2 protein chains.
Amino acid sequence: MNALFKALNDPTRRAILERLRNGPATAGAIAEQFQFSAPTISHHLDLLRQAELVTSEKQGQFVVYTLNMTVFDELLGWLYQFKS
Amino acid sequence: MNALFKALNDPTRRAILERLRNGPATAGAIAEQFQFSAPTISHHLDLLRQAELVTSEKQGQFVVYTLNMTVFDELLGWLYQFKS
DNA sequence: TCAATGATTAGGCAAATGTCTAAATAATTT
DNA sequence: AAATTATTTAGACATTTGCCTAATCATTGA
């Protein structure tokens with residue numbers, strides 16, 4: 001839960017998640033969308049992976065990142081306790 | 001949206017929100033539940049208020065904090081874009 | 001009015017965060 | 001095999017965060 005909120009607490013990481021709504025993408029393709037350096041984006045992707053918001057798979061020399069929506073359910077569950 | 005995720009990115013602040021599910025409480029009553037100093041809790045409450053997750057009302061020498069569930073809808077909306 | 005109570009503000013400090021450049025690792029291409 | 005491309009790791013640095021104590025503000029009670 002901690003890693004989840006931590007991962008979401010950054011606009012760049014949230015933008016990455018929104019990007020991945022359109023389908024999986026390589027680290028490089030993701031990085032292109034932002035003005036930050038590749039290492040910075042790589043670090044953001046690492047935090048997203050720690051929170052299990054994304055999964056990564058190596059395909060040749062590329063690393064493909066995919067949105068993992070499973071974790072959103074956990075978050076929705078936490079939120080719903082407040083809706084009543 | 002930024003203030004919202006920022007406010008949620010702390011276990012103490014999330015615990016305060018859960019405490020307020022049982023109804024409004026004064027700053028002092030909230031602070032009693034935690035081992036942190038009153039100023040620290042006051043600061044957490046301030047961040048929750050900035051995110052509009054709580055409202056505060058002065059009643060005499062007390063300040064009563066109340067959960068504001070309206071903002072949760074915004075968060076739910078953001079999350080739902082990923083569920084489909 | 002003065003003391004006590006509830007709460008916030010101010011200021012300081014260590015740890016965490018987000019960024020960068022340089023270097024390393026891994027896979028492909030020539 | 002060497003050069004190129006994709007990505008991550010390492011290390012540095014400024015900023016932000018979360019905590020504290022001391023001081024201040026505001027309200028109530030003696």
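Convention: sequence-line order gives letters A, B, ...; per-chain numbering from 1. No experiment lies behind these values; they were computed from the predicted model shown.
Hydrophobic clustering (side-chain heavy atoms under 4.5 Å, transitive across Ile, Leu, Val, Met, Phe, Trp, Tyr) groups Ile30(A) together with Phe82(B). Linking ILVMFWY residues whenever their side-chain heavy atoms come closer than 4.5 Å, directly or via other members, leaves Leu47(A) and Val63(A) in distinct clusters. The hydrophobic clustering, which links ILVMFWY residues whose side-chain heavy atoms are closer than 4.5 Å, places Phe72(B) and Phe72(A) together.
Side chains of Val71(A) and Glu74(A) form a contact here, defined as non-hydrogen atoms less than 4.5 Å apart. Under the 4.5 Å side-chain criterion, counting only non-hydrogen atoms from C-beta, Leu17(B) is in contact with Leu67(B).
Between Ser37(B) and dC19(D) there is no side-chain polar atom (N or O) within less than 4.0 angstrom of OP1 or OP2. In terms of phosphate contacts, Tyr65(B) brings no side-chain nitrogen or oxygen within less than 4.0 Å of OP1 or OP2 of dG6(C).
Rounded to an integer number of Å, the gap from CD of Gln59(B) to P of dA26(D) is 18 Å. One can place CD of Glu57(A) at 13 Å from P of dT7(D), the figure rounded to the nearest angstrom. We find that CD of Gln35(B) is positioned 15 Å from C1' of dG18(D), with the value rounded to whole Å. Note: CD (Gln50(A)) to C1' (dT8(D)) measures 14 Å, nearest angstrom. As a whole-Å value, the separation of Asn9(B) CG from dT17(D) C1' is 10 Å. Protein atom CZ of Phe5(B) is 19 Å distant from nucleotide atom C1' of dT17(D), rounded to whole Å. Across the protein-nucleic acid pair, Asn2(B) atom CG and dG18(C) atom P stand 11 Å apart, rounded to whole Å. The nearest whole Å value for the distance from the CD1 atom in Ile30(B) to the C1' atom in dT8(C) is 14 Å.
Judged by distance alone with a 3.5 Å cut-off, no donor-acceptor contact links the side chain of Gln61(B) to the base of dT28(D).
Across dT21(C), dT7(D), dA10(C), the shortest atom-to-atom separation from the side chain of Phe62(A) is found for dT7(D). Listed nucleotides dT8(C), dC20(D), dA26(C) differ in distance to Lys58(A); the shortest reach to its side chain belongs to dA26(C). Taking only side-chain atoms of His43(B), from C-beta outward, the nucleotide of dT7(D), dG18(D), dT19(C) with the closest atom is dG18(D). Of the listed nucleotides (dG18(C), dC20(D), dG18(D)), dC20(D) has the atom at the smallest distance from the side chain of Phe36(B). Side-chain proximity of Thr40(A) to the nucleotides dC19(D), dA10(C), dT19(C) is greatest for dT19(C). Between dT8(D), dC19(D), dG18(C), one nucleotide has an atom nearer to the side chain of Ser42(A) than all others, and that is dT8(D). Of the candidate nucleotides dC19(D), dT8(D), dA7(C), dA7(C) has the atom lying nearest to any side-chain atom of Val63(B).
Heavy-atom nearest nucleotides on DNA chain C were determined for Ile41(A) and for Thr26(B), and the one closer to the 5' end corresponds to Thr26(B).
If you check every strand for non-hydrogen atoms under 4.0 Å, Phe34(B) touches nothing. At a threshold of 4.0 angstrom between heavy atoms, the contacts of Asp46(A) with the nucleic acid are absent. Among the protein residues, His44(A) comes within range of the sugar-phosphate backbone only, with heavy atoms under 4.0 Å from sugar or phosphate atoms but none that close to a base.
Ring pair Trp78(A)/Phe5(A) is perpendicular by interplanar angle, where above 60° counts as perpendicular and below 30° as parallel.
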